[in-house]
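In what follows, every heavy atom counts, from backbone to side chain, and hydrogens, waters and symmetry copies are set aside. Bear in mind the structure is a predicted one, so any value in this text is a computation, not a measurement.
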Amino acid sequence: MRLRRSMLFVPGSSAASLSTAFVFKPDSVMFDLEDAVSLREKDAARLLVFHALQQPLYDGIERVVRINPLDTPFGHDDLQAAIRGGADTIRLPKTDTPEQVRELEAAVERIERDCGREVGSTHLMAAIESASGVVNALAIAQASPRITGIALAGFDYVMDMQTQRGDGTELFYARCAVLHAARAAKIDCYDVVFSDLDDEEGFLKEVDLIKRLGFNGKSLINPRQIELLHNAYAPTQEEMDYARRVVAAAEKAEKQGLGVIAMGGKMIDGPVVDNARRVLDRAAASGLRKE
């Protein structure tokens with residue numbers, strides 16, 4: 001299982017950012033060909049991203065490309081460059097219906113066959129950015145076996161809801177709906193960007209909220225936020241010690257052929273073991289939480 005705590009947005013038109021983003025070690029880097037790129041820079045950005053995808057220094061980091069919608073003049077060209085360049089995942093913006101996902105899936109498969117890439121090797125991620133997308137979140141999340149995650153995009157969503165970003169109340173329903181859709185589909189879920197780069201306290205407060213809700217991670221626009229986010233998701237010593245005991249008990253029961261896992265006189269079920277393994281994965285990636 002891949003850790004998806006941080007997805008760092010990188011403008012596709014910025015050669016400097018494309019050539020250095022890997023040094024910040026996000027779990028995923030998202031080369032953006034959509035909103036971060038002006039109309040006159042679309043073609044140049046597409047070429048820059050094509051070459052950045054083949055940079056060996058990005059090995060170990062999930063390489064995501066946010067394309068323009070397929071109903072624009074740029075979407076299909078973006079898709080060609082991303083898949084032929086070796087993108088791990090295509091992020092579809094403004095996903096309102098499952099039909100949009102299925103259209104993308106068919107286009108991806110055609111390109112994989114044309115360029116000799118293994119069919120099915122390109123994953124998909126849907127960005128939910130509207131009231132329609134939130135209402136259809138479960139159908140979107142289940143629209144294709146290629147989908148590994150969905151992401152809530154806050155700015156367009158609050159505009160569609162005729163409100164604005166505030167204390168989080170305006171996003172509460174959307175967060176819960178999109179997250180429940182992801183969990184029902186057994187895929188990952190990203191929270192919205194926190195855009196105030198100088199409000200570290202506010203960022204950490206929002207991270208604490210989305211972690212307690214159950215999000216896998218968060219989309220980011222500034223690399224300074226990566227270490228803060230990873231540390232917030234890192235387990236404490238107490239959490240890691242408990243996780244180790246749970247996993248050890250599960251492995252012992254498996255070796256003994258037991259159908260029941262017991263630890264300290266209590267029964268441990270499968271979801272507890274799965275969560276313990278996730279805790280150990282985060283500890284391996286980030287170490288223990290620093291106060």
Return a table of donor-acceptor pairs under 3.5 angstrom between the side chains of residues 245-267 and protein atoms on other chains or two or more places apart.
none

N/O donor to acceptor pairs below 3.5 angstrom from side-chain atoms of residues 36-51, sequence neighbours left out:
from	atom 1	to	atom 2	distance (Å)
S38	OG	E41	OE1	3.0
K42	NZ	L33	O	2.9
K42	NZ	E34	O	2.9
K42	NZ	V37	O	3.2
K42	NZ	N68	OD1	3.0
D43	OD1	R46	NH1	2.9
R46	NE	D78	OD1	2.8
R46	NH2	D78	OD1	3.3

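Counting heavy atoms of neighbouring residues, nucleotides and ligands inside a 6.0 Å radius, atom CD of Q162 does not exceed 12 of them. Within a 6.0 Å sphere centred on CD of E99, other residues, nucleotides and ligands contribute more than 12 heavy atoms. Annotation: Q55, atom CD; neighbour count of heavy atoms from other residues, nucleotides and ligands within 6.0 Å is above 12.
Shown here for D32 and R66, the closest heavy-atom pair between the two residues is OD2-NH2, 2.6 Å.
Side-chain contact between F203 and R224 is absent, with no heavy-atom pair separated by less than 4.5 Å. Taking the side chain as every heavy atom from C-beta outward, F215 and L209 never approach each other to under 4.5 Å. The shortest distance between side-chain heavy atoms of D188 and T148 does not fall below 4.5 Å. At least one side-chain heavy atom of P26 sits under 4.5 Å from a side-chain heavy atom of I61. M125 places none of its side-chain heavy atoms less than 4.5 Å from the side chain of M30. Side-chain atoms of R175 and V192, non-hydrogen and from C-beta on, do get closer than 4.5 Å to each other. The side-chain heavy atoms of Q100 and L70, taken from C-beta on, include no pair separated by under 4.5 Å. Counting heavy atoms from C-beta outward, I90 and L92 have side chains that stay 4.5 Å or more apart.
The existence of a salt bridge linking D274 and R278 is excluded, since no basic side-chain nitrogen approaches an acidic carboxylate oxygen closer than 4.0 Å. Using a 4.0 Å cut-off between charged side-chain N and carboxylate O, E109 and R113 make a salt bridge. Of the charged side-chain nitrogens involved, none lies within less than 4.0 Å of a carboxylate oxygen, so that R282 and E239 do not count as a salt-bridged pair.
Judged by distance alone, the side chain of Q225 and the main-chain N or O of F194 form a donor-acceptor pair under 3.5 Å.
Under the 3.5 Å distance criterion, with hydrogens and angles disregarded, a donor-acceptor pair is assigned to the side chains of E105 and S144.
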